[in-house]
Amino acid sequence: MSAIATSYVVLSPNSFSLANLTSTTTTRTRSVILYSSKLVSTSRGCHSLRPPSFSSELFLRIPYGSSKRTSISTASKPFSPVTMEWQDCMVKMELDVPTSVAYNCYSDREAIPRWMPFISSVKILEDQPALSQWSLKYKAFGRNIEFSWLARNMQPIPNQKIHWRSLDGLPNRGAVRFYPKGPASCVVELTVSYEVPQILAPVASALKPFLEGLLGRGLERFASFAKTYQAESTS
């Protein structure tokens with residue numbers, strides 16, 4: 001007599017993982033028990049191995065006669081990486097120099113440490129003048145802060161825009177825009193975007209206004225630097 005039988009599978013934490021388990025229709029009742037890393041097959045009329053407790057095992061009832069393949073997956077949820085916060089800063093100032101003077105002055109990247117408070121050095125790569133190595137050193141929030149990055153200057157728009165993005169090191173990007181106000185004055189607008197370093201994440205809310213203050217002081221010094229630059233270039 002043909003009958004639909006039922007098998008049981010017990011998967012304990014110490015047993016190996018079942019990737020797939022397939023059952024077929026038979027005329028006899030068979031049970032499959034997976035326990036303590038041992039697979040024991042028993043048939044009717046024989047003593048079967050029984051685990052002492054089902055409190056910590058996964059008990060599955062799989063009917064014979066099903067052609068469907070049953071999969072047991074133990075894969076964990078995919079890892080979600082932590083996304084760091086980006087901040088945007090913007091400052092601008094009117095300068096008493098023509099747009100062309102301000103543009104040429106700012107284009108001298110290696111001179112930037114002379115007027116930007118937190119930039120300690122800028123070195124243009126000799127074989128690739130569009131690339132430059134930057135270093136930042138400043139004491140703030142009770143610690144000595146030091147970062148470096150490699151930046152690429154993007155294609156500029158003469159007397160209108162200089163912009164860049166980092167390729168390595170501290171992630172950042174920015175632009176300087178020049179707006180003429182008259183024959184002897186202009187407005188310089190500086191925007192900087194950066195990824196908040198993990199070491200400064202606890203003070204992220206205070207970082208943006210702090211950096212905007214530094215950038216503003218930098219532009220004030222740049223205004224004096226540009227006037228000196230203009231005087232030297234016309235003498």
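In what follows, residues are counted from 1 in the order of the sequence shown. From a predicted model like this one, the values you see are computed outputs, not experimental measurements.
Annotation: side chain of Tyr138 is in contact with side chain of Leu214 (closest heavy-atom distance under 4.5 Å). Looking at heavy atoms from C-beta onward, Ile112 lies in side-chain contact with Trp134 at the 4.5 angstrom threshold. The side-chain heavy atoms of Val188 and Lys92, taken from C-beta on, include no pair separated by under 4.5 Å. Proximity of Val187 to Leu95: side-chain heavy atoms (C-beta onward) are nowhere separated by under 4.5 Å. Inter-residue side-chain proximity for Val97 and Tyr103 is flagged as unmet; no heavy-atom pair is nearer than 4.5 Å. Residues Val101 and Thr99 are not in side-chain contact: their nearest non-hydrogen atoms beyond the backbone lie 4.5 Å or more apart. At least one side-chain heavy atom of Leu215 sits less than 4.5 Å from a side-chain heavy atom of Phe118.
The environment of CZ in Arg114 is sparse: at most 12 heavy-atom neighbours from other residues, nucleotides or ligands sit within 6.0 Å.
The aromatic ring centroids of Tyr229 and Trp115 lie 6.0 Å or more from each other.
Distance check, rounded to the nearest 0.5 Å: CD1 of Ile119 to CZ of Arg109 gives 13.5 Å. Atom OG of Ser132 and atom CD of Glu110 lie 8.5 Å apart (nearest 0.5 Å). Ile162 contributes atom CD1, which lies 8.5 Å from atom CG of Asn104 (distance to the nearest 0.5 angstrom). Once rounded to the nearest 0.5 Å, the distance linking OG of Ser224 with CG of Leu219 reads 11.5 Å. Going from atom NZ of Lys123 over to atom CG of Leu131 covers 13.5 Å, rounded to the nearest 0.5 Å.
Contact detail for Pro209 and Ser205: the closest heavy-atom pair is CD-O, 3.6 Å. Pairing each heavy atom of Phe222 with each of Cys105, the nearest pair is CE1-SG, 3.6 Å. Closest approach of Pro113 to Ser121, counting heavy atoms only: CG-CA, 3.7 Å. Here the closest non-hydrogen pair linking Phe147 and Ile199 is CZ-CG2, 3.9 Å. Across all non-hydrogen atoms, the minimal contact from Lys208 to Asp88 is CE-O, 2.9 Å. Heavy-atom minimum distance, Gly218 versus Met116: CA-SD, 4.0 Å.
Neither Met90 nor Leu211 shares a network with the other; the hydrophobic side chains, linked directly or stepwise wherever heavy atoms of I, L, V, M, F, W or Y lie under 4.5 Å apart, form separate groups for each. Residues Val192 and Ile145 share a single hydrophobic cluster, defined by chaining ILVMFWY side chains whose heavy atoms lie under 4.5 Å apart.
Listed by first then second residue, pairs satisfying side chain to side chain donor-acceptor pair (under 3.5 Å) with a partner in residues 162-191 read Trp164-Asn172, not counting sequence neighbours. Annotation: side chain to side chain donor-acceptor pair (under 3.5 Å) contacts involving residues 145-162, sequence neighbours excluded, are absent.
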For Gln87 and Leu207: C-alpha separation, side-chain torsions, deciding distance, then whether side-chain contact (heavy atoms from CB on, under 4.5 Å) applies. CA-CA 9 Å; Gln87 293 183 346; Leu207 187 58; 3.9 Å; yes

